[in-house]
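Structure record follows, encoded as structure tokens.
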Amino acid sequence: MSTGPGLESLVDQTISVITNDGRNIVGVLKGFDQATNIILDESHERVYSTKEGVQQLVLGLYIIRGDNISVVGELDEELDSALDLSNLRAHPLKPVIH
């Protein structure tokens, strides 16, 4: 995984991280290292369900190991705040198989 200008441009921005075990963690990127370990602040995990709305579990300051990251993406805060997560239904993501 490259730590080129992609992650540098996202520092202090809200990002969404999908982990290898299918978790979706949203928070403000505060830093990263050469192994793509990342530090998120003000983070929460979004837990999806087909039966009820999205649960948001507060994590606070959180570190994710680089070898457990599948996808990192910038979050459009304006679009995200317009979503009604309490009415959103979705299947949880399955773990990534390597």
Audit row: H44, I25, side chain to side chain contact (heavy atoms under 4.5 Å, CB included) steps and yes/no
CA-CA 6 Å; H44 60 274; I25 300 172; over 6 Å; no
Rounded distance [0.5 Å steps], OG1 in T19 versus CZ in R65
13.0 Å
Is the shortest heavy-atom distance from the side chain of V28 to the side chain of Q13 under 4.5 Å?
no
Search all heavy atoms of G60 against all heavy atoms of S43 and return the closest pair with its distance.
O-OG, 2.5 Å
Counting only N and O atoms by type, is there a donor-acceptor contact under 3.5 Å from the side chain of N37 to the main-chain atoms of G66?
yes
Of all heavy-atom pairs between G22 and L93, which one has the smallest distance, and what is that distance?
O-CB, 3.5 Å
With a 4.5 Å cut-off on side-chain heavy atoms, are Y48 and Q55 touching?
no
About how many Å separate OG of S16 and CG of N24, when rounded to the nearest 0.5 Å?
3.5 Å
Once you round to the nearest 0.5 Å, how far does OG1 of T50 lie from CZ of R89?
9.0 Å
In this structure, OG1 of T14 is separated from CG of D76 (nearest 0.5 Å) by 10.0 Å
Hey, could you give me the CG/CG distance between D33 and L7, rounded to the nearest 0.5 Å?
10.0 Å
Interatomic distance, CG@L40 vs CD1@I63, rounded to 0.5 Å, equals 9.5 Å
Are L75 and V54 joined in one hydrophobic group, where the rule is that I, L, V, M, F, W and Y side chains link up if heavy atoms are under 4.5 Å apart?
no
Is any side-chain heavy atom of V26 less than 4.5 Å from a side-chain heavy atom of I15?
no
Exactly one of I69, V11, V72 should register a side-chain contact (heavy atoms from CB on, under 4.5 Å) with F32. Which one does?
V11
Could you list all the salt bridge (Lys or Arg N to Asp or Glu O under 4.0 Å) pairs where at least one residue sits in residues 35-57, not counting sequence neighbours?
R23-E45, R46-D80
Go through the steps for L29 and I39 under the test side chain to side chain contact (heavy atoms under 4.5 Å, CB included), then give the verdict.
CA-CA 6 Å; L29 180 63; I39 301 169; 6.0 Å; no
